Protein chains: 2
Amino acid sequence: MSQIEGITDLILEVFRLNGALVHAGDGLVADIGLTSARWQVLGAIALTTQPLSVAGIARTMGLSRQAVLRLVKEMIGDGLLRLAENPHHRRARLVLMTVTGEAVYAAAIARHRPWAEGLARDLDRDAIGTATTLLRALRQHLDAARTREVDDD
Amino acid sequence: MSQIEGITDLILEVFRLNGALVHAGDGLVADIGLTSARWQVLGAIALTTQPLSVAGIARTMGLSRQAVLRLVKEMIGDGLLRLAENPHHRRARLVLMTVTGEAVYAAAIARHRPWAEGLARDLDRDAIGTATTLLRALRQHLDAARTREVDDD
DNA sequence: CAATATTTGACAATATGTTGTCAATATGGT
DNA sequence: ACCATATTGACAACATATTGTCAAATATTG
């Protein structure tokens, strides 16, 4: 198989796996009022020491500012998130979890753990690391190309 | 790093890479009237010896029937695809490319080749294979769970 | 053969994500 | 301090994908 076929296969598999993961995640947390996308927003907030703005969350998740903005506004409406003034930037307020948000996120984690265990059980540990490193390299390559794109404008 | 953290990292990287790939693909074929999604539909049709129905394309791509259905109808409207009677199934007609569709797909391939070469250039060949195998195993695991889900209904 | 189950295309509603645009706010260079 | 530039939240338009529902066509089972 040529190098091009190899990378193309990988790309198609990323598309398929992405869909399967979103579906599985949705199913995992549906009854606690979450979706994969909202769960990911909570994760981005939980996993940083410093509170983030909407734009900051977007950068962490690799999504557009606007996609995150809409999710955040909906989640504020649902009582999962709240905004706090940002001493460093009047416009870019900080996104924080409410008590409810924290409880829901904790519940999501509790379900994620055994699910992830089952998924990883018969997979080779090194292969997971190798794959993650490779995917990250690919994405960084693409992101770099994207930056050059914008610079050309 | 625990096995759970490892697989979770991989999952988040799949989400990010998926977005970056869709964006790059869109940019690659935008000016010939394609998008990543439409390009993938053409690819699914091109890569099979036997013509496929809408549902068949969906299975190949790992998407829902309905997602493919809408794409196919739009692409028929744009003159890229056409339907042919299916001797084995009156309802499930076969999706074929028009001459225009074939030309557009050929143009997309011509752009994909050097792009994929550049992407794969400094990546380890074995790592690509390992990653593809791992992602496929993950997806098949998830698809199997999905099948069990449906059986429970 | 008849009853039942599955597959399929169609349509609608909704969730997710992108791009484009704008004004407000920061930031950096001169 | 000033001006050009970049970042940010907001809103709108659109592409993509999922689920739910339905009726038609096919496949399966007793």
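Note that this is a predicted model, so its numbers are computed, not measured. Chain naming here is simple, since letters A, B, ... match the order of the sequence lines and numbering starts at 1 in each.
B/Phe15 places its CZ atom 15 Å from the P atom of D/dA17, with the value rounded to the nearest Å. The CG-C1' distance, from B/Leu69 to D/dA17, rounds to 12 Å in whole Å. The interatomic distance linking B/Met75 (CE) with D/dA15 (P) rounds to 14 Å, in whole Å. With rounding to whole Å, B/Asn18 atom CG is found 13 Å from D/dT16 atom P. In this structure, B/Leu21 places its CG atom 15 Å from C1' of C/dG17, rounding to the nearest Å.
Between the side chains of A/Asp26 and A/Ser36, a donor-acceptor pair is found at a separation under 3.5 Å.
Of the inter-residue distances, the one linking B/Leu134 atom CG with A/Leu135 atom CG reads 9.0 Å to the nearest 0.5 angstrom. One distance of note links OG1 of B/Thr132 with CD of A/Glu5; it measures 12.0 Å at 0.5 Å rounding.
Sorted by first and then second residue, the pairs that involve residues 65-89 of chain B and meet salt bridge (Lys or Arg N to Asp or Glu O under 4.0 Å), not counting sequence neighbours, are B/Arg38-B/Glu74, B/Arg38-B/Asp78, B/Arg70-B/Glu74. Here salt bridge (Lys or Arg N to Asp or Glu O under 4.0 Å) pairs that include residues 49-63 of chain A, with residues two or more places apart or in two chains, number zero. Pairs engaging residues 7-19 of chain B under the salt bridge (Lys or Arg N to Asp or Glu O under 4.0 Å) rule: A/Arg136-B/Glu13, A/Arg139-B/Glu13, B/Glu13-B/Arg16 [sequence neighbours left out].
Close to D/dC11, at under 4.0 Å from its OP1 or OP2, lies a side-chain N or O of A/Lys73.
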Validation: residues 111-120 of chain A side-chain donor-acceptor distances under 3.5 Å, sequence neighbours left out:
unit_1	atom_1	unit_2	atom_2	d
A/Arg111	NH1	A/Leu28	O	3.1
A/Arg111	NH1	A/Asp31	OD1	2.6
A/Arg111	NH2	A/Asp31	OD2	3.3
A/His112	NE2	B/Thr8	OG1	2.9

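Residues from residues 34-60 of chain B placing a heavy atom under 4.0 Å of any atom in DNA chain D, listed by number, are B/Thr35, B/Ala37.
Between B/Ile45 and the options B/Thr60, B/Leu80, B/Val95, a side chain to side chain contact (heavy atoms under 4.5 Å, CB included) holds for only B/Val95.
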At under 4.0 Å between heavy atoms, how does the protein contact nucleotides 18-28 of chain C? Give one character per nucleotide, 5' to 3', with B, S or -. BBBB-BBSS--

